[in-house]
2 protein chains.
Amino acid sequence: MINTVSCSHMFSGISEENYGKMMSCFKSSPKKYSAGETICFYESKKRTVGIIETGRAVVVKTFYSGSQTILEQLSEGSIFGEVFYFHANTDGISVIAASNCTVRFIDYGKIMKSCHNACEHHSQLIENLFSIISCKAAELSEHIDVLSHRTIREKLMAYFQIQSSKNNSTQFKLPFSLSALADYISVDRSAMMREIKKLKEEGYIDIKQKEVTLLKEYIQ
Amino acid sequence: MINTVSCSHMFSGISEENYGKMMSCFKSSPKKYSAGETICFYESKKRTVGIIETGRAVVVKTFYSGSQTILEQLSEGSIFGEVFYFHANTDGISVIAASNCTVRFIDYGKIMKSCHNACEHHSQLIENLFSIISCKAAELSEHIDVLSHRTIREKLMAYFQIQSSKNNSTQFKLPFSLSALADYISVDRSAMMREIKKLKEEGYIDIKQKEVTLLKEYIQ
DNA sequence: ATAATTCTGTTGCATAAGCAACAAATTATA
DNA sequence: TATAATTTGTTGCTTATGCAACAGAATTAT
């Protein structure tokens, strides 16, 4: 399941000039990685924040079996690090460069402590970090709202209603494939397809490709 | 479902003297409420943090039907506010005094901005806030881990395994009733009871009252 | 353009899980 | 202590859902 940090940018509201100042204050210099290279492994105690300055990368979980899942897709401006990953065990999680990229690492403690050089931007940075974490938490909360319904039908409708209200419209586009949706709502894909078919037949929804339309009020 | 802010204290590491200094810096004075009184209603845009200095309170969701659920139990040192509640809609959520209590309100923005008087404690405060939010997010994440299993059996075992590893023991005490557990893992209580019985019979677990023991490795 | 891979759509079958309804045990409250 | 309220334990019935297995569409890679 992909869990993007889409909500806000860590350095929004901070000029490029001040960004540079802060980086020298944080004593952080960019590092280069070529496509396919491992940027880092997650360790539970580590307290650094990574920032993708250029290029793309992925956060990957590798299972004992050797199979892998992409947990997150990172692009320019994305941040990563164990502090943003709230699971207890970070075993087998690593960040891999998807293209040639430059990455900065900042000590988490340094972000928390105020610095004298750029204090006014610093508080902006902290506010941004809060909104990123809060946003992640909101996404988790939303996911729970969907998962805590008992039936596939209810999970689907809960998900659709959230998307609809986010879009301020009864019509919206699914952000991922139907297979991924089944994964997100944690149900068997074929059973989900069956339920979608029923919902269509009963006139609750219309769905072609990834375009969904809610047709009538669903009373749970 | 009760969602306690148990992880860390907002003012841990800050002396009582400095706490007072900060409060005057925040221009926050304590307000008194008597048992049963409504302390506040949640509004999505509001950006204040509440702190229970003395007494107890509850965060309650009131449905259109008039029925209520306790979302959180607050005691001395607990904090509350819409910034710690990650759901989209805050409709019908209010904080009610469970006993006579004194409460402080702090503007969220003031916490973010650094102040000159007590800067060194301020960064401690911010770090504490981060750990509170991260901890909440971790709880949500844990909940998703449980809910994303397909069967009642798998959900139960996932939950038990988390509790076991938190306790560093195959034996642990459930933090809530079996009914509440059914609620937490979002399944029918009677079906859950049936599954617990089976798990007992098959020798996976032992459970009397709220004491659970994991007896053999469960291979999911 | 062709091959390979992933995604979509469908079905039969077995059973897990929801629902309702009840009694007994436990805990809370007056 | 008596009474109320909640929690636990159980069962029959029905059906929703997981699983396996398949074929065709749509992507993506070569």
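Letters A, B, ... mirror the listed sequences (proteins, then strands); counts begin at 1. Atoms considered below: every heavy atom in the structure, side chains included; atoms not considered: hydrogens, waters and symmetry mates.
With sequence neighbours left out, A:Tyr108 forms a ring-ring contact (aromatic ring centres under 6.0 Å, His included) with no residue at all.
By the 30° and 60° cut-offs, the orientation of the rings of A:Tyr184 relative to A:His143 is parallel.
A:Glu202 has a carboxylate O that lies under 4.0 Å from a charged side-chain N of A:Arg153, or vice versa, which qualifies the two as a salt bridge. Taking 4.0 Å as the cut-off between side-chain N and carboxylate O, A:Glu211 and A:Lys173 do not count as a salt-bridged pair.
Atoms NE2 (A:His149) and P (C:dC19) sit 12 Å apart, rounded to a whole Å. In this structure, NZ of B:Lys208 is placed 16 Å from C1' of D:dT8, rounded to the nearest angstrom. Between A:Glu154 atom CD and D:dT17 atom C1' the separation is 14 Å, expressed in whole Å. Protein atom CZ of B:Phe176 is 18 Å distant from nucleotide atom C1' of C:dT27, rounded to whole Å. Between B:Asp188 atom CG and D:dT10 atom C1' the separation is 13 Å, expressed in whole Å. Across the protein-nucleic acid pair, B:Lys155 atom NZ and C:dA16 atom P stand 15 Å apart, rounded to whole Å. Residue A:Arg153 contributes atom CZ, which lies 13 Å from atom C1' of D:dT17 at whole-angstrom precision. Rounded to whole angstrom, the span from the NZ atom of B:Lys210 across to the P atom of D:dT8 amounts to 6 Å.
Dashed line: the shortest gap from a side-chain N or O of A:Arg150 to OP1 or OP2 of C:dC19 is under 4.0 Å.
Contacts between residues 194-207 of chain B and DNA chain D, counted as heavy-atom distances below 4.0 Å, involve B:Arg194, B:Lys197. Taking a 4.0 Å limit (strictly below) on heavy-atom distances, residues 156-164 of chain B does not reach DNA chain D anywhere.
Remark: of the listed residues B:Glu201, B:Lys200, B:Glu195, B:Glu201 is the sole one forming a side chain to side chain contact (heavy atoms under 4.5 Å, CB included) with B:Lys197.
Comparing B:Met192 and B:Arg189 by the nucleotide of DNA chain C whose heavy atom lies nearest to each, the residue mapping closer to the 5' end is B:Met192. Taking for each of B:Ala191 and A:Ala191 the nucleotide of DNA chain D with the nearest heavy atom, the 5'-most of the two is the partner of B:Ala191.
For B:Thr151, the side-chain atoms get nearest to C:dA16 when compared with the rest of D:dA20, C:dA21, C:dA16. Taking only side-chain atoms of B:Ser179, from C-beta outward, the nucleotide of D:dT10, D:dT7, C:dT8 with the closest atom is D:dT7.
Between the side chain of B:Lys46 and the main chain of B:Phe41, a donor-acceptor pair closer than 3.5 Å is present.
For A:Ser190 and D:dA20, a side-chain-to-base donor-acceptor distance below 3.5 Å is present, hydrogens and geometry of angles not being considered.
Separation of atoms OG1 (B:Thr90) and OH (B:Tyr42) is listed at 9.5 Å; rounding is to 0.5 Å.
For the pair A:Lys166 and A:Phe172, the cation-pi criterion (under 6.0 Å, within 45° of the ring axis) is not fulfilled. A cation-pi geometry, defined here as NZ or CZ lying under 6.0 Å from the six-membered ring centre and within 45° of its normal, does not hold between A:Lys136 and A:Phe84.
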